[in-house]
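Remarks on the structure that follows.
As a basis for the values below, the full set of heavy atoms in this structure was taken, side chains included, without hydrogen atoms, waters or symmetry mates. Everything numeric here is computed off the predicted structure, so don't read it as measured data.
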Amino acid sequence: MEDPGPDPTWTYHADQDYKVIVQGLLASHPGGAGAWLFAYGSLIWKPELVHVEARRATARGWHRSFCFRIERFRGTKHRPGLMMSLDRGGQCRGVVFRLPPDDLESQLDKLVRGEITVKPPNNIARWVTVETDKGSLPAIAFVMNRQSRFYTGRLPPEEVADVLAEACGHAEYLHNTVVHLEEQGIRDRNLWRLQALVAERIRSDA
């Protein structure tokens with residue numbers, strides 16, 4: 001389908017909004033050497049940022065979830081898609097990337113522009129504590145804003161699979177995530193179950 005363009009009824013972040021987010025992250029940095037980014041989905045295999053170190057990490061109190069609707073690019077108003085975020089509860093294993101200290105502000109600006117679009121945002125950039133094999137450290141993570149009008153809450157896996165199997169690019173997104181997690185030695189049983197459900201639906205429609 002042809003992209004209808006930005007929805008005129010939505011409010012989008014402007015340059016000043018992104019600047020405020022970045023300055024807030026810098027000002028609230030818990031301290032220590034450098035800044036780390038916690039990746040749990042596509043940022044693992046497509047970080048699009050320069051990094052100088054990577055480690056496996058676990059964020060406790062958060063879990064991966066396809067928990068917000070999207071109505072552009074990978075969905076429409078009539079057939080919305082679902083995207084992944086970090087929602088509260090459980091734990092999530094992923095990867096942390098250490099960002100170079102020089103030019104950090106411009107890197108964070110690029111990062112938040114790629115992850116945050118509308119107001120109120122679906123994703124909120126915040127510092128979380130993650131555990132690595134070299135100890136705990138603070139890292140930036142994009143977590144779900146439960147006040148967003150697009151937040152779905154926790155959906156049954158079967159319902160999520162129905163959407164991912166039909167929405168543009170979602171099955172590939174899920175597959176890339178589970179494969180690249182495996183490459184990092186991380187096996188997410190919930191995502192693999194979802195992967196099996198999506199594959200089953202695609203085969204039955206073939």
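- The number of heavy atoms from other shown groups lying within 6.0 Å of CD (Glu183) is above 12.
- Judged as a side chain to side chain donor-acceptor pair (under 3.5 Å), and not counting sequence neighbours, Thr117 has no contacts.
- Note that OG of Ser65 is 6.5 Å distant from OH of Tyr151, once rounded to the nearest 0.5 Å.
- Residues passing the salt bridge (charged side-chain N to carboxylate O under 4.0 Å, His left out) test with Glu182, sequence neighbours excluded: Arg187.
- A donor-acceptor distance shorter than 3.5 angstrom exists from the side chain of Tyr18 to the backbone of Ile116, with no hydrogens or angles considered.
- Using a 4.5 Å cut-off between side-chain heavy atoms of Ile, Leu, Val, Met, Phe, Trp and Tyr, with links allowed through other members, Trp192 and Ile44 fall into the same hydrophobic cluster.
- Hydrophobic clustering keeps Ile202 apart from Leu197 (ILVMFWY residues linked when any side-chain heavy atoms are closer than 4.5 Å, directly or through intermediates).
- The distance from the CG atom of Leu164 to the CD atom of Gln195 is 9.5 Å, given to the nearest 0.5 Å.
- Remark: Thr152 engages Cys67, Arg69, Leu82, Leu155 in a side-chain contact (heavy atoms from CB on, under 4.5 Å) (not counting sequence neighbours).
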Practice item. Walk me through it: do Arg55 and Val95 pass the test side-chain contact (heavy atoms from CB on, under 4.5 Å)? Key: CA-CA 6 Å; Arg55 301 180 193 172; Val95 178; over 6 Å; no

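- Taking each heavy atom of Asp188 and Asn190 in turn, the nearest pair found is OD1-N, 3.0 Å.
- Considering every non-hydrogen atom in both Pro157 and Arg193, the closest pair reads CG-NH1, 3.5 Å.
- Residues forming a salt bridge (charged side-chain N to carboxylate O under 4.0 Å, His left out) with Arg93 (at least two apart in sequence, or on another chain): none.
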Review point. Run the side-chain contact (heavy atoms from CB on, under 4.5 Å) check on Phe66 and Leu194 step by step: do they pass?
Key: CA-CA 10 Å; Phe66 283 90; Leu194 192 56; 3.6 Å; yes

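- Counting only distance, with no hydrogens or angles, the side chain of His180 and the backbone of Trp45 share no donor-acceptor pair below 3.5 Å.
- Identified under the salt bridge (charged side-chain N to carboxylate O under 4.0 Å, His left out) test for residues 138-155, with sequence neighbours left out: Asp87-Arg146.
- The distance from atom CD1 of Ile124 to atom CE of Met144, rounded to the nearest 0.5 Å, is 8.0 Å.
- Across all their heavy atoms, Ile186 and Gly94 have their closest contact at CD1-O, 3.5 Å.
- Listed for the Arg64 side chain is a donor-acceptor partner under 3.5 Å among the backbone atoms of Tyr40.
- To the nearest 0.5 Å, atom CD of residue Gln23 and atom CG of residue Asp109 are 10.0 Å apart.
- For the residue pair Asp103/Ser106, the side-chain donor-acceptor check at 3.5 Å is satisfied.
- Note on residues 84-140: pairs passing ring pair (Phe, Tyr, Trp, His ring centres under 6.0 Å), not counting sequence neighbours, are His29-Trp127, His51-Phe97.
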Output a table of donor-acceptor pairs, distance under 3.5 Å, between side-chain atoms of residues 133-142 and any protein atom two or more places apart or on a different chain; print 'none' if there are none.
none

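- Atom CG of Asn123 is separated from atom CE of Met83 by 8.5 Å, given to the nearest 0.5 angstrom.
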Check your understanding: Val96 and Glu53: side-chain contact (heavy atoms from CB on, under 4.5 Å), yes or no, with the steps?
Key -> CA-CA 8 Å; Val96 283; Glu53 185 180 350; over 6 Å; no

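- Taken together through direct or relayed side-chain contacts under 4.5 Å among Ile, Leu, Val, Met, Phe, Trp and Tyr, Val112 and Leu26 form part of one hydrophobic cluster.
- Closest approach of Ala59 to Val130, counting heavy atoms only: CB-CG1, 4.0 Å.
- Considering only heavy atoms from C-beta on, Phe38 comes within 4.5 Å of Leu86 through its side chain.
- With hydrogens and angles disregarded, no donor-acceptor distance shorter than 3.5 Å links the side chain of His63 to the backbone of Cys92.
- For Gln91 and Arg60, the side-chain atoms include at least one donor-acceptor pair closer than 3.5 Å.
- A donor-acceptor pair is defined here as one N or O able to donate and one able to accept, closer than 3.5 Å; no such pair exists between the side chain of Ser148 and the backbone of Asn145.
- Annotation: side-chain contact (heavy atoms from CB on, under 4.5 Å) contacts of Pro100 (sequence neighbours excluded): Val50, Val52, Asp102, Gln107.
- For Arg126, the side-chain contact (heavy atoms from CB on, under 4.5 Å) test picks out Trp62, Arg88, Val128, Val143, with sequence neighbours left out.
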**Study point:** Pair Val20-Gln16, side-chain contact (heavy atoms from CB on, under 4.5 Å): steps then yes or no
**Key:** CA-CA 6 Å; Val20 169; Gln16 182 60 30; 3.7 Å; yes

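- For residues 13-24, the pairs satisfying salt bridge (charged side-chain N to carboxylate O under 4.0 Å, His left out) are Asp15-Arg113, Asp17-Lys119, with sequence neighbours left out.
- Taking the side chain as every heavy atom from C-beta outward, Val22 and Glu105 approach each other to under 4.5 Å.
- In terms of heavy-atom proximity, Ile21 sits nearest to Ala125 at CG2-CB, 4.5 Å.
- Considering only residues two or more places apart in sequence or on other chains, Pro156 meets the side-chain contact (heavy atoms from CB on, under 4.5 Å) condition with Glu158, Glu159.
- Distance check: Leu111 CG to Leu99 CG gives 7.5 Å after rounding to the nearest 0.5 Å.
- Partners of Asn176 according to the side chain to side chain donor-acceptor pair (under 3.5 Å) rule, which considers only residues two or more places apart in sequence or in another chain, do not exist here.
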